[in-house]
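This report concerns only the one structure given below.
Order of appearance sets the numbers: ligands from 1, and atoms from 1 within every ligand.
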Amino acid sequence: MLTLDAVSLFYGPIQAVSEATITVGEGQVVAIVGANGAGKSTLLKAIAGLALPRSGQIRFRGEDITQLAAHKRVKAGIALSPEGRQVFPDQSVRDNLELGAYSRKLSTVDLTRAIDAQFDMFPRLAERRSQPAVTLSGGEQQMLAIARALMGEPKLLLMDEPSLGLAPLIIKEIFATIRRLRDAGMTILLVEQMANLALAVADRAYVLETGRIVLSGTGQEMLQNARVRAAYLGGG
Ligand code: ATP
């Protein structure tokens, strides 16, 4: 569904990503793990069209999207659930969801149906549908960010650090949600510092170190890899 071929990105003179080659198959959950500043967010931005590679190619469902504008990628079926939630704070939960569907131009009936589908998936959001998003807890805001991304009915969901700043119990809930999405057939590219959780849910995984992919394999292989265990899973 998605391939990155030797993609490199720079911020001015700083190289953030070096020749990253990544494949995401339909229906897979693929994880990119790595430390702070490894280049994970930059890679997702490149796929979403928010940062342009200096070299390399990005293909989505057979088409070269390397230079395609971000809004056209949304239309093509790529949704980003951004780092740090970034919900619209003063808008209600329902309005946030509605904004997630804006590129689909739905009728009122279809829009209501799509929102209700998200409320089925995230009952806590349903209970809080009229509250401004700013009044939600961190975990609820993360759920809202995911639900809003899903409102566009994406073919590929990009998730940037869904665990960021959340309590362990809430993180578990978020990962349970990722499993449910996977079981429903969603294709997900997940960027995470919580390597243990990300690898446990991933079909495939890549380890990024200072902008370079240094290891890849199945999630299970990466969980058992000595180098991954030492660097990202607290030893053992
Ligand atoms: P984190 O988990 O902390 O978000 P990350 O793996 O997502 O880290 P990136 O945010 O992609 O890493 O950053 C990769 C590198 O690019 C870092 O060295 C960072 O300092 C640099 N960088 C990121 N954004 C910019 C920017 N707007 N201008 C200059 N350098 C940047």
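Between Gln142 and Ser163 there is no side-chain heavy-atom pair separated by less than 4.5 Å.
Electrostatic pairing of Asp116 and Arg113 does not count as a salt bridge here, judged by no charged N lying under 4.0 Å from a carboxylate O. Under a 4.0 Å N-O distance rule, the pair Arg227/Glu209 qualifies as a salt bridge.
Residue Gln193 has at least one heavy-atom neighbour below 4.0 Å for each of these atoms of ligand 1: 2 (O). Applying the 4.0 Å criterion to heavy atoms of Thr42 picks out, from ligand 1, the atoms 9 (P), 11 (O), 13 (O), 14 (C). Of all the atoms in ligand 1, the ones that sit under 4.0 Å from a non-hydrogen atom of Ala38 are 5 (P), 6 (O), 12 (O). Ligand-side atoms of ligand 1 in range of Lys40: 2 (O), 5 (P), 6 (O), 7 (O), 8 (O), 11 (O), 12 (O), range being under 4.0 angstrom from any heavy atom. Set against the non-hydrogen atoms of Ala35, the atoms of ligand 1 under 4.0 Å away are 6 (O). Interface of Glu161 with ligand 1, defined as ligand atoms under 4.0 Å from a residue heavy atom, comprises 2 (O).
For the pair Pro53 and Ile58, the tightest heavy-atom approach, listed with the atom from each and the gap, is CG-CD1, 4.0 Å. Taking both residues in full, the closest heavy atoms of Leu189 and Ile47 are given as CD2-CD1, 3.4 Å, listed atom of the first, atom of the second, then distance.
Geometrically, ligand 1 and Gly37 share a nitrogen or oxygen pair separated by less than 3.5 Å. Distances between N or O atoms of Ile14 and those of ligand 1 include no value under 3.5 Å.
The protein reaches atom 17 (C) of ligand 1 closely, with a heavy atom under 4.0 angstrom from it. By the definition of a contact as any protein heavy atom under 4.0 Å away, atom 20 (O) of ligand 1 is not in contact.
Atom CZ of residue Phe60 and atom CG of residue Leu156 lie 5.5 Å apart, to the nearest 0.5 angstrom. To the nearest 0.5 Å, atom CD of residue Glu153 and atom CZ of residue Arg104 are 4.0 Å apart.
From the protein, the heavy atom lying nearest to atom 3 (O) of ligand 1 is Asn36 OD1, 2.6 Å. Scanning the protein for heavy atoms near atom 4 (O) of ligand 1, the closest one is Glu83 OE2, 3.2 Å. Nearest non-hydrogen protein atom to atom 12 (O) of ligand 1 is Gly39 N, 3.1 Å. At the top of the distance list for atom 29 (C) of ligand 1, counting protein heavy atoms only, stands Tyr11 CB, 3.3 Å.
Side-chain contact check for Asp5 and Thr3: no donor-acceptor pair (N or O, by modelled atom type) lies under 3.5 Å.
Compare Gly34, Ser41, Ala51 by their heavy atoms: the one nearest to atom 10 (O) of ligand 1 is in Ser41.
Shown here is Glu26, whose CD atom has no more than 12 heavy atoms of other residues, nucleotides or ligands within 6.0 Å. Other residues, nucleotides and ligands contribute over 12 non-hydrogen atoms within 6.0 Å of the CZ atom of Arg124.
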